[in-house]
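Worksheet: the structure to be examined is printed underneath.
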Amino acid sequence: MQTGVSTETAQRIGVPREIFPGEKRVATVPEVVEKLIKLGFKVAVESGAGDLANFSDDAYRAAGAEVIDGAANLWAASDIVFKVRGPTSEEVGLLREGATLIGFIWPAQNPELMQQLAARNVNVLSIDALPRMLSRAQKMDALTSMAGVTGYRAVIEAANAFGRFFNGQITAAGKVPPAKVFIAGAGVAGLAAIGTAANLGAIVRANDTRAEVADQVKSLGGEFVKVEYEEEGSGGGGYAKVMSEGFQQAQRDMYAQQAREADIIITTALIPGKPAPKLITAEMVKSMKPGSVIVDMAAEQGGNCELTEPGQAVVKYGVTIVGYTDLASRLAKQSSTLYGNNLFRLAEELCKTKDGIINVNMEDDAIRGLTVIKEGKITWPAPAPTLPAAPAASAAAKPVLAAAAKKGHGAVSEPMAGNKLAILFGVMALLFWVVGTSAPKEFLSHFTVFVLACFVGYMVVWNVKPALHTPLMSVTNAISSIIAIGALIQVSPLANAVDRPNSVISWVAAAGIVLTAINMFGGFAVTQRMLAMFRK
């Protein structure tokens, strides 16, 4: 136990064994237990809670947790309960009055559970209600953590049912074409599936109603398939919204084409609080090649495929349809570790004083969004969080905008008119002629070289493409190269021999070479260190 913290006043976090059928995850892991104790909490774990995730009771004891036999004893001894799945009616009856429950509650889908919990006069924080648009909430975002795991596992399940390689191969025994994978929905789970399938060598295509994810799909090695219908599909909290009937018809036509071509389809489409949209019809399944696979990640909410049977893998029309609802549990150790870290970050926000006592601060947008029941009163849904205001236009820009508005222009600046450009060139030519007629012959020669150097330098520097450098380092190295070349010319014996009795310029040029060399080699050294950070 952390020194300086009273164990008598510290609250106890209880972690019961999950009893939902097929659930193997546990709400915290031994390495997180140590961190919770440093925050001042006492931690109790029900005996056997981590067995299915390969965390033994002895591992929890070694981390400082108390292991309690029996669910009733664990719930009775806990001020705060960490869970994965929402509690059953029996578990609600075991919850102490005034306690705090944290887990996946899904208040929109479980109104009866909400009423049962409110009757117990408790605090309930639903981790799925986290306002995901808040940047500071990302460390607590268990939905994203679990979605990444399920997206990866969906590809593994598809590979297991597919029956041949994902990557193309040419062997003495024959040619194996690469698998074609189509992923419907490019949220966190979809992007995880895209990256996994592409890394296995498949040809990956993906679609999403949100146009802004196209670049993300491409960056992971996939091809974005666009629906030929213009409509924006971004909803709130990182989800998609319900689209119009016209868009849905165009989307169905596109899915029908992809179903005929794809070997594997992975669907991830979900809309909060609503049944999963039906994207893959029975006719599309019939059109798929025998031996194809569909992994329906929305099976728990009814499925994106009409023929999905939640919790089962079935074969219909020669196509294997995987509707498992426990994909995260099939990687129980990994998902439990990620989930435990999410809850620890939440505990940090609830206990900023590190005294083992939580404070459900309803003034905090993130905590307010999570809190669905406060002291027996249902507080869900939460009001929209206050997002940072867009930066105001600078004072200097306001007069320009006002002037543009008076003139009736649609933009602040406009291309220079042809007559103005001609006048500018005329003035510059006249100035150059005056300088040329009055200045010494040597000055005119040097001035010409200076103007050309400025032009060439500008074109060279700003056309440097950052490859292994940052853009800033590319520009500075390009400038340094020009300086080095100029300095080398100044210190050359030929330059000193022609009208150059004074050696001051040579010494300045030499100093310039030294400083430029330091800058250039230092830039490459920094680049090398940056690249080393990304090596596995």
[X] (side chain) donor-acceptor with [Y] (main chain) under 3.5 angstrom:
X      : Y      : answer
Asn341 : Thr337 : yes
Thr320 : Val293 : no
Asp128 : Phe104 : no
Thr196 : Tyr152 : no
Asp326 : Glu23  : no
Lys24  : Asn54  : no
Gln11  : Ile358 : yes
Glu91  : Thr88  : yes
Asp57  : Gly48  : yes
Asn342 : Lys139 : yes

Shortest non-hydrogen contact from [X] to [Y]?
X      : Y      : value
Ser329 : Arg25  : OG-NE, 3.8 Å
Val122 : Ala99  : CB-O, 3.3 Å
Val26  : Ala53  : CG1-CB, 4.3 Å
Met297 : Ala154 : SD-CB, 3.6 Å
Pro87  : Leu113 : O-CD1, 3.6 Å

How many angstroms lie between [atom1] in [X] and [atom2] in [Y], if you round to the nearest 0.5 Å?
X      : Y      : atom1 : atom2 : value
Leu270 : Gln301 : CG    : CD    : 6.0 Å
Leu370 : Leu346 : CG    : CG    : 6.0 Å
Leu350 : Ile367 : CG    : CD1   : 4.5 Å
Leu143 : Leu130 : CG    : CG    : 8.0 Å
Leu331 : Ile156 : CG    : CD1   : 8.0 Å
Glu306 : Ile321 : CD    : CD1   : 10.0 Å

Any carboxylate oxygen within less than 4.0 angstrom of a Lys/Arg side-chain nitrogen, looking at [X] and [Y]?
X      : Y      : result
Glu309 : Lys316 : yes
Glu157 : Arg153 : yes
Lys83  : Glu18  : yes

Side chains of [X] and [Y] in contact at under 4.5 Å (non-hydrogen atoms):
X      : Y      : value
Cys305 : Thr267 : no
Glu261 : Ile203 : no
Met362 : Thr379 : yes
Asp364 : Arg136 : yes
Pro383 : Arg368 : yes
Ile265 : Met288 : yes

Tyr255 and Phe182 aromatic ring geometry - parallel, tilted or perpendicular at 30°/60° bounds: perpendicular
Ring geometry between Phe166 and Phe162 (parallel below 30°, tilted from 30 to 60°, perpendicular above 60°): perpendicular
NZ (Lys289) with more than 12 external heavy atoms under 6.0 Å: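 Counting neighbours around NZ of Lys289, more than 12 heavy atoms of other residues, nucleotides or ligands fall under 6.0 Å, so yes.
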Greater than 12 external heavy atoms within 6.0 Å of Phe165's CZ: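 No, because the 6.0 Å sphere around CZ of Phe165 holds 12 heavy atoms or fewer from other groups.
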Donor-acceptor pairs are to be reported for all side-chain atoms of residues 58-70 against protein atoms at under 3.5 Å, with residues two or more places apart or in another chain.
unit_1, atom_1, unit_2, atom_2, d
Asp58, OD1, Arg61, NH1, 2.9
Tyr60, OH, Thr28, O, 2.7

Verdict with reasoning, Arg120 to Leu101, per side-chain contact (heavy atoms from CB on, under 4.5 Å): CA-CA 11 Å; Arg120 299 292 296 177; Leu101 173 66; over 6 Å; no
cation_pi(Lys333, Phe55) dist<6.0 Å, angle<=45: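 Cation-pi check for Lys333 and Phe55: passes.
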Single hit among Arg164, Lys180, Arg205 for salt bridge (charged side-chain N to carboxylate O under 4.0 Å, His left out) with Asp263: Arg164
